[in-house]
Amino acid sequence: MRRRRLLERVTVACAAAVPVMLGVPVLGYLLAPLFQRAPSEFVEVGRLGDFALGAVTLVRVHDPSSLPWAGQSADTALWVRRREERGDLAFQVFAENCTHLGCPVEWRQGSHLFFCPCHGGVFYEDGRVAAGPPRQPLFEREWRVDGDRLLVRGLSLPTEKRRQ
Amino acid sequence: MSAWRWLEERLELGDTLGPLLRHPIPRALEGRIGWAYVLGASILTAFAVQVVSGVALAMTYVPSTESAYDSLRFITDAATLGRVVRGIHWFGASAMVLLLLAHVTRVFLMGAYKYPREVNWLSGSLLFLATALMAFTGQTLRWDQDAFWSLVVGAEQAARTPLVGDWLTRLIVAGDRVGGATLTRVYATHVFLVPAVIGLLALLHVYLVVKRGISEPPRVDEPVDRAYKARYETLILHGVPYFPNAMWRDALAGSVLVAIVLVLAGVFGPPQLGKPPDPGIVVADPRPDWFFIGYFTVLALMPPGAEAILIVGIPLLVVAFLFALPFVRPFGQRHPMRRPFALAAAVFVIGGYAALSAAGAEAYWVPLRSDGAALPAAVTAPLRDDARAGAALFVDRSCWSCHVVEGSGGRRGPDLTHVAARLDHDALVARIANGGPGMPGYAAALGSDDLGKIVAFLLTRR
């Protein structure tokens, strides 16, 4: 009888060991994106001459760290607002994502407003909330000027807690 | 015939499956009420339709962000019968969701989740959540503009979860942003992971339906108590076998279902592919599939102050309801006429979601695009000078996007057809310049000149 008890335990232990042995590498593989951070380098979005003073311009940026088969999803759109000719306040670079739930906002020149097509968020030219469900101003990206090129950093999907 | 006998001598399926198929069920199910019991088997039929059509689609679909859209175009427009097979998968999915909702409602209203069938309900609840996940991932695999942004909206909701929000978002999009790694995960989830889970859970669910016995139609003032199990045993003694006395209904309902799905797929085909899933295209009107359009309304209309709680709270509430119900109410009345609150709750939830879905189809809260729009000639023709220029500016400066004048315009803000009867010149100037609840202030965007013209136009609207 003691032998039978022992064999029962061996059986259960083996049955438990297999999922653990398989689970560790497989779960590690699947959860890896939690811990990876895409390299956040500055990417060129255009020449200074592309951005007229006072205008809000749509630019398309390619994420250099994207996978080879990413296709169009390697790109993202940014709204570049040129406030001044030069200086620290020359640009505001907004992510295309509404701060409510991430839909792409659309600039309308006539009313100088950004409109979100999903739940009705509206933002002013400087990114402040004008109407609708959003609570935070548009997400801004870090930018710098190098010669006559405008560079932008941070292409991750912005969320309320992760604004960069 | 002898081949069958040769096989049966070795398989002995008659011994195993025979008693299962002929397990006794309450005699009452032979009546017309029996039709209420075909829903569960019909869901299983719809699931089988999805597996078959899904395997076929997976033979052609390319689950990469680069090619998925083109492969769907190919399936829909070029592949022989591709349009029909996609249509079957679409109407099969719709049928599965509809039947599931009907089945849950029936089980809830008939109190069939009570003792001793609590685990039937719990396994069914997991199946409900798994099916919702199939609906969401399936919509995402369509990988057009709607699919892309629906995924983003889903990830952004997950991001609001306290503590683990950022992790959940990274897990959903497989990294920092929607990209090359995202779609393969959604694909593997949709075609391997969740269907396997559904298969196993369905097995458990069916096992329990047979083992516990199908619940008899509830009778007024026959509450469930500890003695129910013994009473049911007695009831079953005078029961009838499931096959064929009740199974013929399941079989008939299942084949009618498949026939309807086929006809709809042939006549209407699959949903149109939207614009390509290009994040660089900002002219978009992302809308989820019909199952989620009511929730889309909830997201648009929930009070911003309560959003932090509601975005996470509403899904949690649904889950909590599903898993708490059989523990909170294991005994007591089963008949809906003796459970007025349960009946009212079911009517409220179903009616409410239908109303929210209707609102979502219209999405009046989204300002219209005014490109190429104009006010009706009947409005603009009699206008002179400033008022005439103001009417043009009214459209050009997006006022029209939210405000109706004589039936033309957006419905987000108040109708301005007779605004001059409510507001005088100064009030109009103040309202436009400063904005108000739900309305942007236009002081910076409009020069005083343009503002004056728009006000001149609005003052003609008495």
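Below, chains carry the letters A, B, ... as their sequence lines are ordered, and counting in each starts from 1.
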Heavy-atom distance under 4.5 Å to chain B: side chain of [X], backbone, both or neither?
X: A:Phe35; value: side chain
X: A:Trp107; value: neither
X: A:Leu34; value: both
X: A:Val129; value: neither
X: A:Leu58; value: side chain

Options [options], ranked by heavy-atom pairs under 4.5 Å with chain B, top entry:
options: A:His112, A:Glu125, A:His100; answer: A:His100
options: A:Gly120, A:Cys98, A:Ser111, A:Ser65; answer: A:Ser111
options: A:Gly121, A:Gly102, A:Pro134; answer: A:Gly102
options: A:Pro104, A:Gly132, A:Pro68; answer: A:Pro104
options: A:Ser66, A:Ala32, A:Cys103; answer: A:Cys103

Which of parallel (below 30°), tilted (30 to 60°) and perpendicular (above 60°) describes B:Phe296 and A:His119?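 Ring orientation of B:Phe296 relative to A:His119: tilted.
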Which atoms form the tightest heavy-atom contact between [X] and [Y], and what is the distance?
X: A:Ala77; Y: B:Val282; value: CB-CG1, 4.1 Å
X: A:Val122; Y: B:Pro367; value: CG2-CG, 4.5 Å
X: A:Arg135; Y: B:Pro304; value: CD-O, 3.7 Å
X: B:Ala181; Y: A:Leu67; value: N-CD1, 3.5 Å
X: B:Pro277; Y: A:Gln72; value: CD-OE1, 3.7 Å
X: B:Arg160; Y: A:Leu101; value: NH2-CD2, 4.3 Å

Part of [X] within contact of chain A (heavy atom distance under 4.5 Å):
X: B:Ala363; answer: neither
X: B:Ile311; answer: side chain
X: B:Arg369; answer: both
X: B:Leu368; answer: backbone
X: B:Ala155; answer: side chain

Looking at [options], which has the largest count of heavy-atom pairs under 4.5 Å with chain A?
options: B:Asp278, B:Thr182, B:Val366; answer: B:Asp278
options: B:Pro286, B:Gly175, B:Ser64, B:Gly435; answer: B:Pro286
options: B:Met302, B:Glu307, B:Arg397; answer: B:Arg397

Rounded to the nearest 0.5 Å, what separates atom [atom1] in [X] from atom [atom2] in [Y]?
X: A:Phe115; Y: B:Ser401; atom1: CZ; atom2: OG; answer: 5.5 Å
X: A:Leu31; Y: B:Arg170; atom1: CG; atom2: CZ; answer: 13.0 Å
X: B:Ile281; Y: A:Glu106; atom1: CD1; atom2: CD; answer: 12.0 Å

Counting only heavy atoms from other residues, nucleotides and ligands, does the tally under 6.0 Å from [atom1] of [X] exceed 12?
X: B:Trp167; atom1: CH2; value: no
X: A:Asp88; atom1: CG; value: no
X: A:Arg82; atom1: CZ; value: yes

Short question: side chain of [X], backbone of [Y] - any donor-acceptor pair under 3.5 Å?
X: B:Arg185; Y: A:Leu30; value: yes
X: B:Trp365; Y: A:Cys118; value: yes
X: A:Tyr124; Y: B:Ala445; value: no

Please identify which of these residues, B:Val152, B:Asp176, B:Ile172, meets the side-chain contact (heavy atoms from CB on, under 4.5 Å) condition with A:Leu157.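 Passing option: B:Val152.
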Assess whether side-chain contact (heavy atoms from CB on, under 4.5 Å) is satisfied between B:Ser67 and A:Trp69, documenting all intermediate values. CA-CA 8 Å; B:Ser67 311; A:Trp69 57 87; over 6 Å; no
Do A:Asn97 and B:Arg177 have side chains that approach each other closer than 4.5 Å (heavy atoms only, starting at C-beta)?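 The answer is no; the side chains never approach within 4.5 Å.
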